[in-house]
Visitor: 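If you scroll down you'll find the structure; I have some questions about it.
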Amino acid sequence: MVAAVTVVVKIGTSSLTDAQSGSLRLSVLGPLVEVLTRLRGQGHSVILVSSGAVGVGCSRLGLRQRPTTIAEKQAVAAVGQGRLMRLYDDLFSALNQPIAQVLLTRSDLVERTRYVNANRTFAQLLQMGVIPIVNENDTVAVEELKFGDNDSLSALVASMVQAQWLILLTDVDKLYSADPNRDPAAEPIERVMRGIPLRVKAEVQGKSGWGTGGMATKLTAAQIATAAGVTVVITNGKRPEQIPAILAGEAIGTRFDPAPQPASARKRWIAYGLVPEGSLTLDAGAVRAVCEQGRSLLPAGVTAISGEFEAGAAVRLCDPSGQEVARGLVNYSAEELRRIKGKKTAEIPHILGYEGVDTAIHRDNLALLD
């Protein structure tokens, strides 16, 4: 028997709903509910991140395509979410498994106090034997603070609760080097190991027309989760009965190995929980100091600033080519950084007119990206 673990399962719209009508597939939902209930009965902690609210809402309202405006999406999601949760409640109740609806917005992860509170709520629900069913709170989320897709949401939840597994159920059996429906030379990828470059052609938009995520969003989710020490598997959503075999170690789908030394919860929050408000471009020396030597970022190493932000904001750190290498919390506003970029620490008081801190971003507030 597999030792008890915490597993987050994300099922996508393409697996849950019919591609033409957007109506729910009971042939997938039934087995999924049975498997998750059985896992809970075996002592595992289980969280389900479920897409499908917009697709179900479109079906209920007779819409033939996904809405495009924020107001339309929020209204349709409100219609579909109730129907989706009622169905889950009926199915899980038939097996005497309690569930809870958890709706999150990006704001719940951006603000540290709310992040910690959400984590405590998950911990309490799991301790009580409940299976939380998570979705983005589409009816109130604003575009600037949306997760954008439930793949990223599931990865952030897995990171938050320190899960051992994140299983992404989708409409393909595994990751391929390219879309196998378009490229006959596409090769299946069974395992992605740390430190080995991954080269794939991945679409951003899913093929069903009702969902928001393609394979690219799943790769982003894998990056977020593995950095937190979570093993990620991409596999076929129409075969949820394979989940126990995956947890037992069988080579099913595509497996992403976790980081052997995951970053601290605070660093993960900085790297993936916050929404960057701007970008700093670093010179080559600063990139080496930050990425290879674990040092703080000094104003002397900053060559350009993009965006408008205040001190304490989250920003991207980019190398001279524009590639993002890290994220951090700045000690100065964008206006102040533009005045002191490229300058030595001793010059800062004379330029700003007050005694500021030596660092643009202290290493304790800096998180590297894979």
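Just so you know, these numbers come straight off a predicted model, no measurement behind them. FYI, side chains are in, hydrogens and waters are out, and symmetry mates aren't considered; it's all heavy atoms of this structure.
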Visitor: For residues 247-259, pull every pair meeting side-chain hydrogen bond (donor to acceptor under 3.5 Å, both in side chains), keeping only residues two or more places apart or in separate chains.
Guide: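 Sorted pair list: R191-D257.
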
Visitor: Using a 6.0 Å cut-off, check whether atom CD of E347 has over 12 heavy atoms from anything other than its own residue.
Guide: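 Atom CD in E347 is crowded, with more than 12 foreign heavy atoms closer than 6.0 Å.
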
Visitor: Heavy atoms, side chains only, cut-off 4.5 Å: are D151 and T220 in contact?
Guide: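 A side-chain contact under 4.5 Å is absent here.
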
Visitor: Could you tell me whether E335 and R339 have a side-chain N and a carboxylate O separated by less than 4.0 Å?
Guide: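 Here E335 pairs with R339 in a salt bridge, since their nearest N and O are under 4.0 Å apart.
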
Visitor: Check whether any side-chain heavy atom of T359 sits under 4.5 Å from a side-chain heavy atom of N365, and report yes or no.
Guide: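 Side-chain contact under 4.5 Å: no.
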
Visitor: Is a donor on one side and an acceptor on the other found under 3.5 Å between the side chain of R40 and the backbone of I131?
Guide: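 Checked: no pair found.
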
Visitor: Between Q162 (side chain only) and A228 (backbone N and O only), is there a donor and an acceptor less than 3.5 Å apart?
Guide: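 No, Q162 side chain to A228 backbone: no donor-acceptor pair under 3.5 Å.
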
Visitor: Quick check: is L317 connected to I224 through a chain of hydrophobic side chains (ILVMFWY, heavy atoms under 4.5 Å apart)?
Guide: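 I224 and L317: separate clusters.
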
Visitor: Please determine which of N135, I47, L48, L125 meets the side chain to side chain contact (heavy atoms under 4.5 Å, CB included) test together with V102.
Guide: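 The side chain to side chain contact (heavy atoms under 4.5 Å, CB included) with V102 is passed solely by L125 among N135, I47, L48, L125.
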
Visitor: With no hydrogens and no angle check, is any side-chain donor or acceptor of D90 less than 3.5 Å from a backbone partner on L87?
Guide: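 Checking the backbone N and O of L87 against the side chain of D90, no donor-acceptor pair under 3.5 Å is found.
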
Visitor: Quick one: which residue pairs count as a side-chain hydrogen bond (donor to acceptor under 3.5 Å, both in side chains) with a foot in residues 286-299, not counting sequence neighbours?
Guide: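 Pairs touching residues 286-299 that pass the test: Q293-R295.
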
Visitor: Hey, are the side chains of R266 and I270 touching, using non-hydrogen atoms and a 4.5 Å cut-off?
Guide: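 Result yes, sub-4.5 Å side-chain heavy-atom pair found.
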
